[in-house]
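Values below: every heavy atom of this structure, side chains too, minus hydrogens, waters and symmetry copies. This chain uses plain numbering: 1 for the first residue, then up along the sequence.
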Amino acid sequence: MSGLQNDLLLKALAGTPVPRPPVWMMRQAGRFLPDYIKLRDKYSFFERCQTPELATEITVMPVDQVGVDAAIIFSDILVVPQAMGMEVQLVEKLGPLLPQPIKSAADLDRIVIPDVNDRLSYVMEALTLTKQTLAGRVPLIGFAGAPWTLLCYMVQGKGSKTFDEAKAFCYTQPEVAHELLNRVTETTIAYLKAQVLAGADVVQIFDSWGGLLSPEDFEEFSLQYIRRIVAALQGVAPVIVFAKGAWFALEEMAATGAQGLGLDWGIKPQLARQFAGPAVTLQGNFDPAQLMKPIPEIQKAVKKMIDAFGPQRYIANLGHGILPNIPVDHAKAFIEAVKSYA
(Lines give C-alpha, C1' and ligand atoms only; values in the text may rest on other atoms or scores of the structure.)
Protein backbone atom coordinates (compact mmCIF):
# COMPACT_ATOMS: atom_id res chain seq x y z
CA MET A 1 0.00 0.00 0.00
CA SER A 2 2.97 2.34 0.39
CA GLY A 3 6.17 1.06 -1.23
CA LEU A 4 7.55 0.52 2.27
CA GLN A 5 9.20 -2.74 3.32
CA ASN A 6 7.51 -2.39 6.72
CA ASP A 7 4.17 -0.56 6.55
CA LEU A 8 2.63 -1.93 9.75
CA LEU A 9 2.23 1.57 11.20
CA LEU A 10 0.35 2.86 8.16
CA LYS A 11 -1.85 -0.24 8.07
CA ALA A 12 -2.69 0.05 11.76
CA LEU A 13 -3.63 3.72 11.31
CA ALA A 14 -5.80 2.86 8.30
CA GLY A 15 -7.57 0.07 10.18
CA THR A 16 -6.16 -2.58 7.81
CA PRO A 17 -5.57 -5.99 9.49
CA VAL A 18 -1.98 -6.54 10.68
CA PRO A 19 -0.21 -9.75 11.81
CA ARG A 20 0.94 -7.93 14.98
CA PRO A 21 0.82 -4.37 16.27
CA PRO A 22 3.53 -1.96 15.10
CA VAL A 23 5.80 -0.56 17.81
CA TRP A 24 7.88 2.58 18.31
CA MET A 25 8.75 4.72 21.34
CA MET A 26 8.27 8.42 21.91
CA ARG A 27 11.64 10.18 22.29
CA GLN A 28 13.35 7.09 20.84
CA ALA A 29 15.65 9.34 18.77
CA GLY A 30 18.27 9.93 21.43
CA ARG A 31 18.38 10.17 25.21
CA PHE A 32 19.02 6.54 26.16
CA LEU A 33 21.33 5.41 23.32
CA PRO A 34 25.10 5.59 24.01
CA ASP A 35 25.81 6.70 20.43
CA TYR A 36 23.41 9.61 20.87
CA ILE A 37 25.07 10.61 24.15
CA LYS A 38 28.41 10.86 22.29
CA LEU A 39 26.84 13.32 19.83
CA ARG A 40 25.13 15.20 22.68
CA ASP A 41 28.49 15.69 24.37
CA LYS A 42 30.01 17.00 21.13
CA TYR A 43 27.26 19.25 19.74
CA SER A 44 24.73 21.62 21.33
CA PHE A 45 21.03 20.75 21.15
CA PHE A 46 20.23 23.16 18.35
CA GLU A 47 23.36 22.13 16.44
CA ARG A 48 21.96 18.61 16.46
CA CYS A 49 18.50 19.83 15.37
CA GLN A 50 19.71 22.25 12.74
CA THR A 51 22.34 20.04 11.08
CA PRO A 52 20.39 17.70 8.77
CA GLU A 53 23.15 15.07 8.74
CA LEU A 54 23.20 14.90 12.56
CA ALA A 55 19.40 14.89 12.83
CA THR A 56 19.26 12.07 10.28
CA GLU A 57 21.90 10.02 12.07
CA ILE A 58 20.03 10.38 15.37
CA THR A 59 16.63 9.62 13.78
CA VAL A 60 17.84 6.38 12.20
CA MET A 61 19.73 5.14 15.30
CA PRO A 62 16.77 3.44 17.03
CA VAL A 63 15.73 1.74 13.77
CA ASP A 64 19.21 0.21 13.51
CA GLN A 65 19.85 -0.38 17.20
CA VAL A 66 16.54 -1.42 18.77
CA GLY A 67 14.46 -2.41 15.73
CA VAL A 68 11.44 -0.06 15.96
CA ASP A 69 8.76 -0.14 13.23
CA ALA A 70 8.93 3.63 12.58
CA ALA A 71 11.41 6.50 12.75
CA ILE A 72 10.45 9.88 14.24
CA ILE A 73 12.45 12.89 13.09
CA PHE A 74 14.89 14.28 15.65
CA SER A 75 13.72 17.81 16.39
CA ASP A 76 11.85 19.70 19.12
CA ILE A 77 8.42 21.25 19.49
CA LEU A 78 10.03 24.60 20.41
CA VAL A 79 11.49 25.15 16.94
CA VAL A 80 8.06 26.63 16.10
CA PRO A 81 8.16 29.49 18.69
CA GLN A 82 11.77 30.03 17.59
CA ALA A 83 10.67 30.36 13.94
CA MET A 84 7.90 32.75 15.05
CA GLY A 85 10.43 35.19 16.49
CA MET A 86 11.10 34.08 20.06
CA GLU A 87 14.48 33.29 21.52
CA VAL A 88 14.58 29.68 22.72
CA GLN A 89 17.44 28.18 24.70
CA LEU A 90 17.61 24.50 25.58
CA VAL A 91 19.81 23.93 28.59
CA GLU A 92 20.96 20.31 28.89
CA LYS A 93 19.40 18.61 31.94
CA LEU A 94 17.54 21.83 32.87
CA GLY A 95 15.12 22.13 29.95
CA PRO A 96 13.80 24.99 27.82
CA LEU A 97 14.23 28.68 28.55
CA LEU A 98 12.47 31.49 26.64
CA PRO A 99 14.03 34.64 28.12
CA GLN A 100 11.40 37.08 26.78
CA PRO A 101 8.02 35.43 27.36
CA ILE A 102 4.72 36.86 26.14
CA LYS A 103 2.91 38.80 28.86
CA SER A 104 0.61 41.22 27.01
CA ALA A 105 -0.92 42.19 23.66
CA ALA A 106 2.10 44.41 22.95
CA ASP A 107 4.34 41.32 23.03
CA LEU A 108 2.41 39.85 20.09
CA ASP A 109 4.15 42.39 17.86
CA ARG A 110 7.23 40.15 18.12
CA ILE A 111 5.32 37.03 17.01
CA VAL A 112 5.14 36.41 13.26
CA ILE A 113 3.58 33.69 11.12
CA PRO A 114 6.77 32.65 9.35
CA ASP A 115 7.53 31.10 5.99
CA VAL A 116 8.17 27.63 7.41
CA ASN A 117 10.13 26.51 4.36
CA ASP A 118 12.55 29.34 5.07
CA ARG A 119 12.72 29.50 8.88
CA LEU A 120 12.43 25.73 9.40
CA SER A 121 14.20 24.59 6.23
CA TYR A 122 16.63 22.50 8.30
CA VAL A 123 13.76 20.27 9.49
CA MET A 124 12.63 19.66 5.90
CA GLU A 125 16.20 18.92 4.82
CA ALA A 126 16.56 16.45 7.70
CA LEU A 127 13.28 14.74 6.76
CA THR A 128 14.32 14.40 3.10
CA LEU A 129 17.77 13.08 4.01
CA THR A 130 16.31 10.68 6.58
CA LYS A 131 13.78 9.40 4.03
CA GLN A 132 16.63 8.66 1.62
CA THR A 133 18.71 7.02 4.36
CA LEU A 134 15.85 4.79 5.53
CA ALA A 135 15.38 3.64 1.91
CA GLY A 136 11.84 2.43 2.60
CA ARG A 137 12.67 0.26 5.61
CA VAL A 138 10.09 1.88 7.92
CA PRO A 139 7.73 4.90 7.84
CA LEU A 140 8.97 8.32 8.94
CA ILE A 141 6.99 10.34 11.50
CA GLY A 142 7.01 14.13 11.60
CA PHE A 143 5.60 16.12 14.51
CA ALA A 144 4.69 19.43 16.08
CA GLY A 145 3.57 20.66 19.47
CA ALA A 146 -0.10 21.45 19.97
CA PRO A 147 -0.86 25.19 20.15
CA TRP A 148 -1.84 25.06 23.85
CA THR A 149 1.41 23.32 24.82
CA LEU A 150 3.44 25.86 22.83
CA LEU A 151 1.52 28.73 24.46
CA CYS A 152 2.49 27.28 27.85
CA TYR A 153 6.19 27.71 27.08
CA MET A 154 5.78 31.00 25.20
CA VAL A 155 3.98 32.60 28.16
CA GLN A 156 5.62 30.85 31.14
CA GLY A 157 9.09 31.18 29.60
CA LYS A 158 10.26 27.86 30.99
CA GLY A 159 9.09 24.40 31.97
CA SER A 160 6.60 23.98 34.81
CA LYS A 161 4.54 21.26 36.46
CA THR A 162 1.45 23.49 36.61
CA PHE A 163 1.93 26.26 34.00
CA ASP A 164 -0.10 28.49 36.32
CA GLU A 165 1.18 31.69 34.64
CA ALA A 166 0.10 30.38 31.23
CA LYS A 167 -3.35 29.50 32.57
CA ALA A 168 -3.70 32.87 34.29
CA PHE A 169 -2.76 34.57 30.99
CA CYS A 170 -5.59 32.71 29.22
CA TYR A 171 -8.11 33.60 31.94
CA THR A 172 -7.14 37.28 32.29
CA GLN A 173 -6.31 38.06 28.63
CA PRO A 174 -8.42 35.60 26.63
CA GLU A 175 -8.42 37.68 23.43
CA VAL A 176 -4.62 37.88 23.42
CA ALA A 177 -4.38 34.16 24.22
CA HIS A 178 -6.66 33.24 21.32
CA GLU A 179 -4.75 35.48 18.92
CA LEU A 180 -1.52 33.75 19.94
CA LEU A 181 -3.12 30.30 19.63
CA ASN A 182 -4.44 31.26 16.20
CA ARG A 183 -0.98 32.32 14.97
CA VAL A 184 0.59 29.14 16.33
CA THR A 185 -2.15 27.07 14.67
CA GLU A 186 -1.63 28.68 11.25
CA THR A 187 2.13 28.14 11.54
CA THR A 188 1.68 24.53 12.65
CA ILE A 189 -0.63 23.68 9.75
CA ALA A 190 1.92 25.04 7.25
CA TYR A 191 4.77 23.32 9.13
CA LEU A 192 3.15 19.87 9.17
CA LYS A 193 2.14 20.10 5.51
CA ALA A 194 5.73 21.02 4.64
CA GLN A 195 6.99 18.04 6.68
CA VAL A 196 4.79 15.70 4.63
CA LEU A 197 6.08 17.19 1.37
CA ALA A 198 9.64 16.70 2.67
CA GLY A 199 9.10 13.00 3.42
CA ALA A 200 7.01 12.42 6.57
CA ASP A 201 4.55 9.53 6.13
CA VAL A 202 2.64 10.28 9.36
CA VAL A 203 2.53 13.31 11.69
CA GLN A 204 1.94 13.44 15.43
CA ILE A 205 0.64 16.40 17.44
CA PHE A 206 2.04 16.50 20.97
CA ASP A 207 -0.19 18.20 23.54
CA SER A 208 2.07 17.48 26.50
CA TRP A 209 0.16 19.82 28.84
CA GLY A 210 -3.42 19.24 27.68
CA GLY A 211 -4.17 17.33 30.87
CA LEU A 212 -3.60 20.46 32.97
CA LEU A 213 -6.85 21.93 31.66
CA SER A 214 -10.43 21.20 32.75
CA PRO A 215 -12.63 19.58 30.07
CA GLU A 216 -14.21 22.95 29.28
CA ASP A 217 -10.87 24.77 29.11
CA PHE A 218 -9.36 21.94 27.04
CA GLU A 219 -12.03 22.55 24.42
CA GLU A 220 -11.52 26.33 24.48
CA PHE A 221 -7.73 26.60 24.61
CA SER A 222 -6.57 23.34 23.04
CA LEU A 223 -8.97 21.05 21.24
CA GLN A 224 -10.57 23.60 18.91
CA TYR A 225 -7.10 24.38 17.55
CA ILE A 226 -6.08 20.72 17.27
CA ARG A 227 -9.34 20.15 15.39
CA ARG A 228 -8.34 22.81 12.85
CA ILE A 229 -4.91 21.24 12.36
CA VAL A 230 -6.32 17.73 11.88
CA ALA A 231 -8.92 19.04 9.41
CA ALA A 232 -6.19 20.79 7.39
CA LEU A 233 -4.20 17.53 7.21
CA GLN A 234 -7.11 15.37 5.99
CA GLY A 235 -6.05 13.67 2.78
CA VAL A 236 -2.47 14.89 3.27
CA ALA A 237 -1.16 12.35 5.83
CA PRO A 238 -2.42 10.27 8.78
CA VAL A 239 -2.44 12.23 12.05
CA ILE A 240 -1.87 10.95 15.59
CA VAL A 241 -2.98 13.22 18.45
CA PHE A 242 -1.30 12.68 21.81
CA ALA A 243 -2.73 14.82 24.62
CA LYS A 244 -1.11 13.62 27.84
CA GLY A 245 -3.56 13.42 30.73
CA ALA A 246 -6.56 14.46 28.63
CA TRP A 247 -8.28 11.05 28.61
CA PHE A 248 -11.56 12.85 29.46
CA ALA A 249 -11.63 14.16 25.87
CA LEU A 250 -10.93 10.90 24.00
CA GLU A 251 -14.40 10.86 22.45
CA GLU A 252 -14.03 14.46 21.24
CA MET A 253 -10.47 13.83 20.02
CA ALA A 254 -11.64 10.78 18.06
CA ALA A 255 -14.28 13.00 16.43
CA THR A 256 -11.56 15.32 15.02
CA GLY A 257 -10.87 12.80 12.26
CA ALA A 258 -7.40 11.92 13.56
CA GLN A 259 -6.39 8.41 12.56
CA GLY A 260 -4.63 7.71 15.86
CA LEU A 261 -4.86 8.77 19.51
CA GLY A 262 -1.90 8.48 21.85
CA LEU A 263 -2.54 7.46 25.46
CA ASP A 264 -0.57 7.83 28.67
CA TRP A 265 -0.64 5.10 31.33
CA GLY A 266 -3.39 6.82 33.37
CA ILE A 267 -6.27 5.08 31.60
CA LYS A 268 -7.26 1.41 31.26
CA PRO A 269 -7.16 0.13 27.66
CA GLN A 270 -10.78 -1.06 27.76
CA LEU A 271 -11.97 2.35 28.98
CA ALA A 272 -9.91 4.15 26.32
CA ARG A 273 -11.50 2.02 23.61
CA GLN A 274 -14.95 2.62 25.06
CA PHE A 275 -14.42 6.41 25.00
CA ALA A 276 -12.64 6.59 21.63
CA GLY A 277 -14.85 4.13 19.76
CA PRO A 278 -13.84 1.49 17.20
CA ALA A 279 -12.98 3.76 14.25
CA VAL A 280 -9.68 5.21 15.53
CA THR A 281 -6.33 3.53 16.28
CA LEU A 282 -5.07 3.74 19.85
CA GLN A 283 -1.36 4.15 20.66
CA GLY A 284 0.42 3.60 23.96
CA ASN A 285 0.46 3.28 26.90
CA PHE A 286 3.36 1.51 28.67
CA ASP A 287 4.74 3.51 31.60
CA PRO A 288 8.35 4.32 30.57
CA ALA A 289 9.53 3.74 34.15
CA GLN A 290 8.38 0.12 33.86
CA LEU A 291 11.25 -0.42 31.42
CA MET A 292 13.45 -0.56 34.54
CA LYS A 293 11.81 -3.87 35.50
CA PRO A 294 13.64 -7.16 34.89
CA ILE A 295 13.33 -8.19 31.24
CA PRO A 296 11.00 -11.19 31.88
CA GLU A 297 8.59 -8.83 33.67
CA ILE A 298 8.73 -6.36 30.76
CA GLN A 299 7.84 -9.21 28.40
CA LYS A 300 4.85 -10.25 30.52
CA ALA A 301 3.65 -6.67 30.90
CA VAL A 302 3.84 -6.05 27.13
CA LYS A 303 1.78 -9.17 26.39
CA LYS A 304 -0.78 -8.11 28.98
CA MET A 305 -0.96 -4.62 27.42
CA ILE A 306 -1.51 -5.92 23.88
CA ASP A 307 -4.09 -8.45 25.10
CA ALA A 308 -5.97 -5.59 26.75
CA PHE A 309 -5.92 -3.28 23.70
CA GLY A 310 -6.27 -6.04 21.11
CA PRO A 311 -3.74 -6.41 18.27
CA GLN A 312 -5.82 -4.54 15.65
CA ARG A 313 -6.30 -0.76 15.47
CA TYR A 314 -3.43 -0.51 17.95
CA ILE A 315 0.16 0.79 18.01
CA ALA A 316 2.36 -0.33 20.89
CA ASN A 317 4.24 2.58 22.42
CA LEU A 318 5.12 4.18 25.73
CA GLY A 319 2.73 6.45 27.59
CA HIS A 320 5.29 9.27 27.37
CA GLY A 321 8.90 9.66 26.22
CA ILE A 322 11.52 7.05 27.04
CA LEU A 323 13.62 8.01 30.08
CA PRO A 324 17.35 8.71 29.67
CA ASN A 325 18.38 6.05 32.20
CA ILE A 326 16.66 3.06 30.51
CA PRO A 327 19.15 0.27 29.64
CA VAL A 328 19.28 -0.31 25.89
CA ASP A 329 18.66 -4.05 26.30
CA HIS A 330 15.45 -3.27 28.22
CA ALA A 331 14.24 -1.01 25.40
CA LYS A 332 15.08 -3.79 22.94
CA ALA A 333 13.18 -6.29 25.10
CA PHE A 334 10.10 -4.04 24.92
CA ILE A 335 10.32 -3.89 21.11
CA GLU A 336 11.00 -7.62 20.75
CA ALA A 337 8.11 -8.52 23.06
CA VAL A 338 5.73 -6.68 20.70
CA LYS A 339 7.32 -8.23 17.62
CA SER A 340 6.97 -11.75 19.02
CA TYR A 341 3.33 -11.24 20.05
CA ALA A 342 1.13 -14.02 18.72
Side-chain angles (χ1 to χ4, degrees), residues 29 44-56 58-59 71-90 96 98 100-102 107-133 139-155 177-208 222 224-242 256-258:
S44 73
F45 183 82
F46 281 116
E47 279 180 305
R48 280 170 268 145
C49 281
Q50 294 171 3
T51 308
E53 293 77 11
L54 287 174
T56 294
I58 294 165
T59 301
I72 182 165
I73 196 68
F74 178 75
S75 186
D76 193 88
I77 63 171
L78 294 179
V79 300
V80 166
Q82 202 174 45
M84 295 181 76
M86 294 192 78
E87 182 187 350
V88 179
Q89 301 169 11
L90 270 159
L98 290 77
Q100 293 181 291
I102 293 162
D107 292 327
L108 288 183
D109 292 343
R110 297 187 274 122
I111 303 303
V112 300
I113 298 176
D115 176 347
V116 293
N117 286 302
D118 174 36
R119 297 298 301 273
L120 293 166
S121 59
Y122 58 88
V123 179
M124 314 316 161
E125 288 170 30
L127 282 158
T128 300
L129 184 57
T130 301
K131 189 80 169 171
Q132 292 166 357
T133 305
L140 178 57
I141 303 168
F143 70 90
W148 157 252
T149 285
L150 293 184
L151 176 145
C152 283
Y153 290 105
M154 293 167 87
V155 171
H178 283 297
E179 176 57 28
L180 178 57
L181 289 164
N182 189 57
R183 291 185 197 185
V184 174
T185 299
E186 289 301 309
T187 303
T188 302
I189 288 168
Y191 180 43
L192 290 175
K193 284 183 172 179
Q195 288 189 45
V196 175
L197 282 174
D201 299 292
V202 175
V203 294
Q204 178 156 313
I205 301 166
F206 284 88
D207 199 4
S208 307
S222 182
Q224 66 164 312
Y225 296 100
I226 291 174
R227 196 178 286 121
R228 269 173 56 191
I229 297 167
V230 174
L233 271 290
Q234 288 299 310
V236 177
V239 179
I240 303 167
V241 175
F242 173 62
T256 63

For this session: Mind listing the closest non-hydrogen atom pair of Arg228 and Glu186 along with its distance?
Result: NH2-OE2, 2.7 Å
For this session: Mind checking the CD-OG spacing from Gln89 to Ser44? Nearest 0.5 Å is all I need.
Result: 11.5 Å
For this session: Would you indicate whether the side-chain heavy atoms of Leu150 and Leu78 approach each other to under 4.5 Å?
Result: yes
For this session: Take Ile77 and Tyr153 through the side-chain contact (heavy atoms from CB on, under 4.5 Å) test and state the conclusion after the steps.
Result: CA-CA 10 Å; Ile77 63 171; Tyr153 290 105; 4.2 Å; yes
Problem set entry | Side chains of Val241 and Ile229 in contact at under 4.5 Å (non-hydrogen atoms) | no
For this session: State, to 0.1 Å, how close Val112 and Ala83 come at their nearest heavy-atom pair, and which atoms those are.
Result: CG2-O, 4.1 Å
Exercise. Does Arg183 reach the main-chain N or O of Leu108 with its side chain, forming a donor-acceptor pair under 3.5 Å?
Worked result: yes
Problem set entry | Interatomic distance, Asn182 atom CG to Gln224 atom CD [nearest 0.5 angstrom] | 9.0 Å
Problem set entry | Separation between CG of Asp207 and CD1 of Ile226, rounded to the nearest 0.5 Å | 4.5 Å
Exercise. Considering all heavy atoms of both residues, which atom of Cys49 and which atom of Tyr122 are nearest to each other, and what is their separation?
Worked result: O-CD1, 3.4 Å
Problem set entry | Validation row: Pro114, Leu120 side chains within 4.5 angstrom (heavy atoms) | no
Seminar exercise, completed: In this structure, CD1 of Ile205 is separated from OG1 of Thr188 (nearest 0.5 Å) by 8.0 Å
Problem set entry | Minimal non-hydrogen separation, Leu181 against Thr185, with atom names | O-OG1, 2.7 Å
Problem set entry | Distance in Å, Met84 CE paired with Ile111 CD1, rounded so as to fall on 0.5 Å steps | 6.0 Å
Problem set entry | Side chain proximity check, Tyr191 to Val79, heavy atoms < 4.5 angstrom | yes
For this session: Check the pair Phe45 / Phe74 against ring pair (Phe, Tyr, Trp, His ring centres under 6.0 Å), numbers first and verdict last.
Result: CA-CA 10 Å; Phe45 183 82; Phe74 178 75; 5.8 Å; yes
Exercise. Rounded to the nearest 0.5 Å, how far apart are CD1 of Ile72 and CZ of Phe143?
Worked result: 5.5 Å
Problem set entry | Test log, rule side-chain contact (heavy atoms from CB on, under 4.5 Å), inputs Leu151 and Val184 | CA-CA 8 Å; Leu151 176 145; Val184 174; over 6 Å; no
For this session: Provide the closest heavy-atom pair for Thr133 versus Leu129 in the form atom of the first, atom of the second, distance.
Result: OG1-O, 2.7 Å
Exercise. Just by modelled atom types, is the Ser208 backbone N or O under 3.5 Å from a matching donor or acceptor in the Thr149 side chain?
Worked result: yes
Problem set entry | Any side-chain heavy-atom pair of Thr128 and Lys131 under 4.5 Å | no
Exercise. So, do Ile102 and Met86 sit near enough that their side-chain heavy atoms are less than 4.5 Å apart?
Worked result: yes
Problem set entry | Backbone of Val203 reached by a side-chain donor or acceptor of Gln195 within 3.5 Å | no
Exercise. Would you say Arg110 and Glu87 make side-chain contact, with heavy atoms under 4.5 Å?
Worked result: no
Exercise. So, for Ile189 and Ala232, which heavy atoms are closest and what is the spacing to 0.1 Å?
Worked result: CG2-CB, 3.6 Å
Exercise. Hey, are the side chains of Leu180 and Val155 touching, using non-hydrogen atoms and a 4.5 Å cut-off?
Worked result: yes
